[in-house]
Amino acid sequence: MGAYREQLLKETYGGRPYGTPTQEEAVPSGSLAFFKLKFTISLFLFAGFAYLSMTGSSFCDVTAEQIVEAVTEEDISVQLSKLGLYE
């Protein structure tokens, strides 16, 4: 019975131990990789906003207060056009 089980496992899993991930399982899916990219970009943007807020400096004549004002306004497109970021 042991030889039959070993042969069956070899045919089913290709000679690798049970539970070992295959090449397809080890590579993350496209949506997971895209999520990681979006998360990393948003993390850098937040870090930049926090830096602007803590130091009081500006980036391309935009301060942290202007960003907060633009986000809290109901019509963001008007605020972005005033800043020259939305046409």
Side-chain angles (χ1 to χ4, degrees):
M1 200 60 142
Y4 174 73
R5 183 174 185 274
E6 287 179 20
Q7 179 65 27
L8 184 63
L9 287 174
K10 229 183 247 189
E11 290 175 3
T12 306
Y13 298 107
R16 56 184 166 72
Y18 176 74
T20 305
T22 61
Q23 179 74 15
E24 295 83 24
E25 294 170 351
V27 176
S29 66
S31 61
L32 180 62
F34 189 62
F35 172 77
K36 287 180 181 180
L37 177 67
K38 290 191 305 183
F39 180 76
T40 304
I41 290 171
S42 63
L43 193 63
F44 280 122
L45 288 174
F46 177 74
F49 171 76
Y51 174 77
L52 289 178
S53 180
M54 292 172 75
T55 60
S57 59
S58 65
F59 179 75
C60 294
D61 298 329
V62 178
T63 63
E65 291 80 21
Q66 289 175 325
I67 295 171
V68 170
E69 182 181 328
V71 172
T72 56
E73 286 291 318
E74 290 180 18
D75 194 13
I76 294 177
S77 62
V78 172
Q79 293 291 325
L80 290 176
S81 65
K82 286 181 183 177
L83 296 174
L85 301 174
Y86 183 74
E87 305 281 341

Inset, instruction - State, to 0.1 Å, how close Tyr51 and Ser57 come at their nearest heavy-atom pair, and which atoms those are. - result: CE2-OG, 4.0 Å

Inset, instruction - Report the distance from atom CZ of Phe34 to atom CZ of Phe39, rounding to the nearest 0.5 Å. - result: 15.0 Å

Inset, instruction - Take the angle between the ring planes of Phe49 and Phe46 and call it parallel below 30°, perpendicular above 60°, tilted in between. - result: tilted

Legend entry - Expected output: side-chain Ser42 to main-chain Lys38 donor-acceptor under 3.5 Å: yes

